[in-house]
Amino acid sequence: MLESLIGFAVLLGLILLRVPIAFAMAAVGGIGFALLRGWQPAWAMTGQIAFDSALSYSLSVIPLFIFMGNVLAASGVAHGLFAAADRLFGRTRGGLAMASVFSCGGFSAVCGSSLATAATMSKVAMPSMRKFGYDDRLATGSIAAGGTLGILIPPSVILIIYGLLTETNISKLFIAGIIPGILGVLLYLMAVKITVWLKPELAPDVTENEPMDTSDLIGVFCVLGLFTFIMVGIYGGFFTPTEAAGTGAGAAVLIAVGLRTMSFRDFMTATFDSVRATAMIFAVIIGAELFSNFVNFAGLPDGLASLVLDLEMPVWAVILMIVVIYMVLGCVLESLSMVLLTVPVFYPLMYELPFTNELLQDPEYALIWFAIVVVVVTEISLITPPVGMNVFVLKSVLKDVSLGTIFRGVLPFWLADIARLALLIAVPWLSLWLVTAM
Amino acid sequence: MAQPDPQKTDDVLGQNSLDIGLIMQNSLGVAAGLLLFCLILVTCVDVVGRYFFSAPLSGAFEVTEIMLAALVFTALPLTTERREHIEVDLLNVGLSDKFQKLLSAFAGLFSAALLATLAWRLASHAASSFEDGAVTNALSIPLAPFGFLAAFSCMVSACIAFLRGIHPPRNR
Amino acid sequence: ETTLALSSWLPPRHPIVVNAIKPWAKEIEDVTEGRVKVRVLAKPLGAPPAHYDMAADGIADITYGLHSFTKDDRFERSRIGQFSFIGDDAVSGSKAFWEVYTGQLDAQAEHEGVKLLGLFVHGPGVLHNNVREITTSDDLDGLKIRVPGGYIADLMSDLGAETLFMSSGEVFEKLSRGVIDGVTFTYEALTAFKLTDDLKHTTKVPGGLYNTTWFLVMNEGAWNGISEDDRAAIEAISGAAFAERIGEAWNAADEAAIAKIAEAGIEVSEAPDALLNTIKDAAAVHEKTWSDAIAEDGFDGVAALTAMRKASGVSF
Ligand code: NA
Ligand code: NA
């Protein structure tokens with residue numbers, strides 16, 4: 001167990017020296033394994049893991065969903081979503097911020113990444129909020145936070161990775177994300193409401209609606225249709241997630257071509273972005289597999305399980321401890337590497353913990369519920385300083401706004417997230433109901 | 001999961017960056033893009049064949065696996081060239097230019113060493129797959145060529161990272 | 001004092017992990033009076049198919065897995081355990097497989113670079129479908145059957161079925177959507193993958209329609225690092241004793257499954273003589289191909305098969 005902690009410390013050091021996280025994890029994992037076990041086995045393991053990790057049917061869903069999201073981002077449907085949401089909320093104080101949150105949730109339903117959701121929605125919603133004189137704090141905060149929904153509302157790259165790490169059914173994980181995702185949207189809307197009630201000066205009264213034309217409307221229907229198609233396909237067992245992603249990506253291309261809003265150049269950019277993002281994700285997966293083999297071999301998951309069981313810690317205390325660890329790590333680490341690093345350590349606990357909740361006594365359900373908890377804490381990390389990737393996305397789009405402003409703007413949403421986390425932990429039924437009904 | 005910083009794209013390898021990046025995009029990028037389209041096509045043909053013609057594509061899952069591996073490794077040098085591997089910029093603020101450069105050099109050389117090691121291990125793994133005659137389960141597709149592709153890709157990535165290590169960019 | 005790492009890729013609650021692998025690992029500590037401990041890792045160190053090489057390369061000390069994971073000819077003689085009519089239950093089948101494969105077929109020679117600690121098979125493989133009762137091979141015509149590959153895939157297509165390959169996790173979805181009509185599985189797998197609602201008929205033959213063969217191996221260096229006394233103590237609870245232990249775990253799982261299958265109203269029927277004879281004829285062709293292939297290395301496959309069926313007590 002000591003070896004693992006040293007490993008984590010060295011890893012953190014390398015990350016702070018700005019070594020790419022994937023390579024830092026691979027190096028510490030490989031060398032750590034070699035020190036415990038010998039160089040020969042470590043060399044053999046390295047080649048095997050590097051090759052086997054990419055040779056995976058269930059992970060082929062990753063490039064497909066990324067490409068689907070990128071094509072839809074380029075096709076301009078995001079504007080339709082925003083304009084439609086504006087018709088729901090526009091005439092109230094803070095309406096544009098609520099529309100931003102709501103349309104972020106909508107775009108999350110076809111995009112598997114939080115960063116891509118935030119990046120796409122910021123291009124649509126920010127100009128409008130600025131035009132009407134919204135305070136930068138509220139405007140950026142609502143998009144940075146709304147964007148985090150990308151990894152909770154299915155499809156979700158993080159849930160796919162979690163499924164891979166724990167051998168949990170990805171279809172079930174996706175279904176489990178729906179209600180917590182909707183809950184997230186509702187709580188964010190409340191956060192906007194409360195914020196503008198406390199500080200009316202942050203949001204002016206806006207009497208105009210965001211302009212909307214037919215192609216916007218068609219775009220909204222396409223997004224709705226695509227999400228329904230994917231979810232019904234997965235829920236009804238018509239397709240595997242990979243097949244849903246493949247056909248969804250095909251449909252996204254047809255939508256973009258049909259809307260005539262995407263140039264060939266945009267299309268190629270979306271393609272190149274997708275393949276590079278895929279390689280980036282797999283580099284982290286390979287590094288994390290190597291690192292987790294080292295940690296596993298050094299006995300961290302076992303040590304942790306026996307520690308928890310020997311101390312007879314109550315379940316809630318264990319979960320609280322895990323959540324606190326995630327919150328601390330989440331200050332510095334980015335979501336994907338955080339999940340890849342920690343889930344292998346914690347998930348074996350889900351088989352061991354003496355849950356009193358009847359649903360959670362089935363380890364399959366405990367793993368699904370834990371997935372939702374992990375994703376929500378990961379979402380929080382995306383907007384927690386000092387390293388909040390979604391905040392950085394907003395910053396890169398709006399160069400004149402300071403990071404501090406965005407982090408302050410995110411605060412009400414961060415509090416809403418904590419409330420949601422507590423609710424999801426206390427009421428596992430929220431995450432599991434749709435799955436049990438499947 | 002696209003890294004959102006549009007600035008990072010062009011200033012990576014000094015003045016030559018545009019050329020190398022463009023050449024790679026037009027070769028590896030196009031190849032990876034085609035693999036992605038094939039991946040979409042295979043799943044669509046499988047699903048449509050199954051539900052409309054009751055003729056599923058047998059072994060589609062194996063073709064999918066193999067194409068994913070090929071796609072990942074074809075695209076890896078592109079990701080490396082664009083510096084899109086996830087990094088954490090925590091010590092960025094308040095450091096002198098010289099120290100920044102030193103950090104960049106360290107990260108570049110470290111990455112190069114690691115990628116070269118991976119290339120070596122993948123080549124050796126592929127060589128033993130070749131000797132054993134390892135093939136996929138259903139369609140008996142030989143695995144060794146994909147191992148060598150992976151090794152080659154890591155080697156190219158290692159070279160890119162090495163060049164960056166000895167010519168660290170001015171900012172970031 | 002030595003601690004050995006065992007990499008286990010089946011789910012932690014799988015019946016053979018809980019009832020055979022872990023108890024065996026625990027018992028090693030007892031029989032060596034604590035000098036050798038086996039640690040079952042919380043998470044496997046590689047993909048399931050990598051597990052044989054992982055033991056050979058020393059990534060883990062002890063691993064188990066299926067011979068069919070390896071698609072090359074390394075374990076050619078192990079295929080004796082994959083044929084039809086091999087054993088009516090997992091105990092007799094596993095013990096016979098251990099005895100014959102390590103005896104006249106020199107299993108250790110095919111398991112180069114590792115110490116062979118155990119060999120086993122699961123319960124008899126049967127054919128499940130949701131279209132009709134299979135009484136002749138005509139009933140199989142055009143049925144879409146999921147097969148794992150290898151001998152059973154060839155046998156099923158010889159009999160006229162349309163064979164499809166997919167991972168076992170996909171079977172549920174494909175079956176419930178009518179993409180496939182049936183599957184060759186054990187009883188245990190039928191319930192483990194929750195297929196009771198989607199199947200109606202099960203066809204069995206004496207000694208099973210097919211089987212799969214498994215190994216339990218240890219890194220050679222790690223084995224040689226243990227004292228002779230301890231090695232003897234470990235061997236005493238491995239090999240045939242392990243075959244019995246793990247066979248019992250499979251049997252218990254099969255029995256529980258058979259009860260659930262009966263509860264679900266799935267009709268289980270013995271293949272009538274005519275069908276059985278058709279299967280025997282088709283099987284004989286594959287058995288001959290295999291025994292001819294190993295005859296080149298000086299092994300008598302026909303005699304080995306006869307010995308194995310005699311040892312497991314299959315009458316057909
Ligand atoms: Na999403
Ligand atoms: Na953070």
Side-chain angles (χ1 to χ4, degrees), chain A residues 14-23 26-27 30 43 46-48 50-51 54-57 59-60 63-64 66-67 70 113 115-116 119 157 238-239 242-243 245-247 249-250 268 271-284 332-334 336-337 386-387 392-393 396-397, chain B residues 1-7 25 29 32-33 35-37 39-44 46-47 51 61-62 64-69 71-76 78-80 82 84-92 103-104 106-107 110-111 114-115 117-118 121-122 124-126 143 146-147 150 154:
Chain A
L14 285 172
I15 290 173
L16 293 184
L17 288 175
R18 247 200 268 146
V19 173
I21 292 180
F23 303 152
W43 288 140
T46 309
Q48 197 167 64
F51 189 61
L55 204 67
S56 154
Y57 177 75
L59 288 187
S60 57
L64 296 170
I66 291 179
F67 179 68
N70 283 348
S113 143
L115 304 188
V157 171
F238 292 97
F239 331 119
T242 298
E243 290 164 354
T247 46
M268 288 317 285
T271 306
F272 292 141
D273 285 351
S274 305
V275 298
R276 288 199 316 272
T278 303
M280 179 277 279
I281 291 174
F282 276 84
V284 189
V332 199
L333 283 182
E334 164 283 339
L336 180 66
S337 27
V387 181
F392 292 176
V393 171
S396 74
V397 176
Chain B
M1 278 291 154
Q3 284 282 77
D5 190 356
Q7 270 193 317
Q25 189 163 42
L35 281 164
L36 178 61
F37 300 151
L39 208 57
I40 296 171
L41 210 64
V42 165
T43 42
C44 288
D46 184 30
V47 169
Y51 287 112
F61 74 101
E62 267 188 17
T64 305
E65 280 185 353
I66 290 278
M67 285 198 303
L68 175 69
L71 164 64
V72 165
F73 285 108
T74 310
L76 184 68
L78 297 169
T79 310
T80 314
R82 289 269 189 124
E84 286 180 343
H85 290 293
I86 305 167
E87 297 167 14
V88 173
D89 290 326
L90 208 58
L91 301 178
N92 227 5
L103 271 185
S104 281
F106 172 74
F110 188 99
S111 305
L114 188 106
L115 284 161
T117 311
L118 275 187
R121 289 324 306 162
L122 278 163
S124 144
H125 183 76
L143 290 172
F146 298 95
C154 285

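The structure displayed is predicted, hence computed values, not measured ones. Chain letters run A, B, ... following the sequence lines, proteins first and then strands; every chain starts at 1.
- Here the closest non-hydrogen pair linking B:G33 and A:V275 is N-CG1, 4.1 Å.
- Side-chain contact between B:F146 and A:F51 is present, with at least one heavy-atom pair separated by less than 4.5 Å.
- Residue contact with chain B, scored on non-hydrogen atoms closer than 4.5 Å, involves the side chain of A:V284 exclusively.
- For B:V72, the parts sitting under 4.5 Å from any heavy atom of chain A are the backbone and the side chain alike.
- Interface remark: A:F67 contributes side-chain atoms only to the contact with chain B (heavy atom separation under 4.5 Å).
- The aromatic rings of A:Y57 and B:F61 lie perpendicular to each other, with more than 60° between the two planes, well past the 30° mark.
- At a 4.5 Å heavy-atom cutoff, the contact between B:T117 and chain A is made by side-chain atoms alone.
- Heavy atoms of B:L71 lying under 4.5 Å from chain A belong exclusively to its side chain.
- Listed here is the closest heavy atom pair of B:H85 and A:P20: CB-CB, 3.7 Å.
- The candidate from A:A22, A:A245, A:G246 with the greatest count of non-hydrogen atom pairs under 4.5 Å with chain B is A:G246.
- Scanning for side chain to side chain donor-acceptor pair (under 3.5 Å) contacts around B:Q25 gives an empty result, with sequence neighbours left out.
- Between B:R121 and A:W43, the shortest heavy-atom distance links the atoms NE-O, 3.0 Å.
- The main-chain N or O of B:E65 is never found under 3.5 Å from a side-chain atom of A:S60 such that the two would form a donor-acceptor pair.
- Contact annotation for B:L115: only side-chain heavy atoms (C-beta onward) come within less than 4.5 Å of a heavy atom of chain A.
- Residues B:F106 and A:L14 are in side-chain contact: their nearest non-hydrogen atoms beyond the backbone lie under 4.5 Å apart.
- Of the atoms belonging to A:A27, heavy atoms from both backbone and side chain fall under 4.5 Å from chain B.
- For B:F37, the part lying near chain A is the side chain, with the backbone staying farther off; criterion is any non-hydrogen pair under 4.5 Å.
- For B:S111, the parts sitting under 4.5 Å from any heavy atom of chain A are the backbone and the side chain alike.
- B:A75 approaches A:R276 most closely through the heavy-atom pair CB-N, 4.4 Å.
- Among A:G30, A:P63, A:A249, the residue making the largest number of heavy-atom pairs under 4.5 Å with chain B is A:P63.
- Considering all non-hydrogen atoms of both residues, A:A50 and B:L122 come closest at CB-CD2, 3.8 Å.
- The parts of A:L59 that come within reach of chain B are both its backbone and its side chain, each placing non-hydrogen atoms under 4.5 angstrom from that chain.
- Remark: A:A26 engages A:L290, B:L114 in a side chain to side chain contact (heavy atoms under 4.5 Å, CB included) (not counting sequence neighbours).
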